[in-house]
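The structure appears right after this line, and notes come after that.
Owing to the predicted nature of the structure, the values given are computational and were not obtained by experimental measurement. Lettering of chains follows the sequences in order, A, B, ..., and the numbering in each one begins at 1.
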Amino acid sequence: MRPLSQIQLKTQGDHLLVTLPSENLVSEPLDWEQLSEELETRLQQGSWGSGTPVILQVHDRLLGGHQLQTLLGIFQRAGRFQLKKVLTTRRQTAVAAATNGYSVEQTTPNPLAAEDETLPFLLAEPLYFSGTLRSGKEIAHPGNVILIGDLNPGGAIIAAGDILVWGFLRGVVHAGAWGDRARRIMALKMLPTQLRIADIVARAPTRPPNQWFPEIAYAVDDGIRISRAEGLNRP
Amino acid sequence: MSRIIVVTSGKGGVGKSTVTANLGTAIAALGCSVALVDADFGLRNLDLLLGLENRIVYTALDVVAETCTLEKALVKDKRQPGLGLLPAAQNRNKESITPEQMHDLVKGLAATHDYVLVDCPAGIEGGFRNAIAAAEEALIVTTPEVAAVRDADRVVGLLENENIKRINLIVNRVRPELIQQQDMLSVEDILDLLVVPLIGIVPDDERVIVATNRGEPLVLSTQPSLPAMAFRNIAQRMEGKEVAYLDLMAAHDTLFNRIRRLFR
């Protein structure tokens, strides 16, 4: 099972909780360059105001001073977010954070704490993203994804749930990335380079239609079909 | 307040250096002091386009190594007062300078010039990172080709990540006859995808190639040409003036072409 988004962002009251996945659940080492890009894009496109306090939760991940500085740089550039506290179960990370002057809460490892990762079939909250998703940008999310804007060719959305593009879908989308073939892809203007639902891959017709209608793509036994959204649920 | 602008594209060969040379000259002709910085270490071209290759004594690396001052390295164009070039090194590559060093050089030039235009190399790796180091604005150059627009989209995404918010688009090498026949992307198609404000459309013209080989920016020529007019218009727009776009399609909107379009 491919681990989806390495980072989770959640609003808790007046601050933002940024969670990096636990090390023993994600076997691939954290790709910092990819992480930086994804984190910056998501922070910029989210609705958190400038200066929002951030709590960084890293579970048992080892974070050195250098990596902490990288994260601080990202927070600063994305919207002058203020890192207020670091939550971790690992002593070295706690020490690194404290040395850099941040308030630290070191908890004992709690197997129930990483609830989102240990229950893969419980989807996370839907991810809302507004703006143009440009070539080279990728959103991966263990839930439903709603993009209010366009997905440009070269860009990709990978979701465990459904994908809804309230705009022009021109890139690659993968719904039901964890294997759920019942997931669907919806767009106001559907002209993807590639459609994927669970394990099925398909190309859409290359010629754009004469007239644009909102459409839904769904999986059938031998492939993926695209239908006009209107009337799909009627018997 | 000086303006630091990076001229970039992602794709190679779309006309970044040509735009930098001609636009820089056109802005200087309006009375501003302009410094052009060639950030393409190892494959420098800006000096050739400006015809200043044989006047280069020091390069940006000499300034970094403190062999000479920034003032001494700047090659002043005798044909256009107010225009200067900080040449790149040809005997090294893009790893010979760091973004921090580039940042300091550009800031140094910004202190004494109204405009600093940084000519970015193709790609999105080290050379790109160097060129955007001190930039506050960006000019994206693209041609009406799918590959160029795709790369431009990627670059805009990267620039947005760096918080360079003021980005404008120049569509270069436009062939109105092909757009008329719908064989080429129109400017509207490009804007639809890139969603970046347009600041100029430059038509394709053989005279640009001739001028490049001679080392004389087209805007300096006494012969009028459409690309030169386009560059001068862009310079005016950069200075805040509203200038109408040249009607490039007019000559090609003939009855014959309209009938041809009906059969597509």
Side-chain angles (χ1 to χ4, degrees), chain A residues 7 32-46 50-51 70-71 73-81 129-139 147-157 165-172 188-189 191-194 206-208 210 212, chain B residues 8-11 14 98-100 103 122-126 128-129 132-136 138 140 142-169 182-183 185-186 188-198 261-264:
Chain A
I7 328 149
W32 281 96
E33 203 177 303
Q34 205 180 336
L35 177 139
S36 315
E37 261 205 71
E38 194 191 332
L39 188 55
E40 283 217 56
T41 313
R42 285 176 66 183
L43 284 173
Q44 274 172 3
Q45 298 286 23
S50 170
T70 309
L71 288 171
I74 297 169
F75 292 145
Q76 183 64 19
R77 277 197 307 275
R80 290 195 290 284
F81 296 112
F129 194 98
S130 90
T132 305
L133 201 65
R134 297 186 179 274
S135 181
K137 295 256 169 91
E138 193 179 276
I139 299 180
L147 170 64
I148 303 166
D150 296 337
L151 174 65
N152 279 356
I157 300 178
V165 175
W166 195 253
F168 213 143
L169 199 176
R170 283 187 270 223
V172 171
L188 290 182
K189 286 184 184 176
L191 196 67
T193 44
Q194 226 179 63
T206 42
R207 298 204 76 185
N210 293 330
W212 288 107
Chain B
T8 183
S9 69
K11 187 118 177 48
V14 299
T98 68
E100 291 75 28
H103 177 272
I124 49 174
E125 302 83 22
F128 173 76
R129 301 254 144 233
I132 64 175
E136 291 149 8
I140 306 283
T142 185
T143 58
E145 286 162 341
V146 175
V149 175
R150 193 76 88 246
D151 291 356
D153 192 38
R154 179 84 174 102
V155 164
V156 174
L158 290 173
L159 289 173
E160 283 172 348
N161 271 5
E162 298 290 323
N163 259 320
I164 295 176
K165 293 269 158 56
R166 201 164 163 192
I167 305 175
N168 283 300
L169 180 72
Q182 299 188 337
D183 279 333
L185 288 176
S186 69
E188 287 76 28
D189 292 333
I190 300 173
L191 288 174
D192 198 32
L193 204 81
L194 290 180
V195 195
V196 162
L198 182 70
R261 255 184 299 162
L262 273 176
F263 287 102
R264 289 245 150 198

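Between atom CD of residue A/Glu40 and atom CG of residue B/Asn163 there is a gap of 7.5 Å, rounded to the nearest 0.5 Å. Rounded to the nearest 0.5 angstrom, A/Leu133 CG and B/Asp153 CG are separated by 9.0 Å.
Proximity of B/Val195 to A/Arg134: side-chain heavy atoms (C-beta onward) are separated by under 4.5 Å at one or more points.
A side-chain contact (heavy atoms from CB on, under 4.5 Å) with A/Pro153 is found for exactly one of B/Val149, B/Leu193, B/Val146, namely B/Leu193.
Side chain of A/Asn152 to backbone of B/Leu194: no donor-acceptor contact under 3.5 angstrom is found.
Only the side chain of A/Thr132 has a heavy atom closer than 4.5 Å to any heavy atom of chain B. Neither the backbone nor the side chain of B/Asp151 comes within contact range of chain A, judged by heavy atoms closer than 4.5 Å.
Shown here for B/Asp192 and A/Arg170, the closest heavy-atom pair between the two residues is O-NH2, 3.7 Å.
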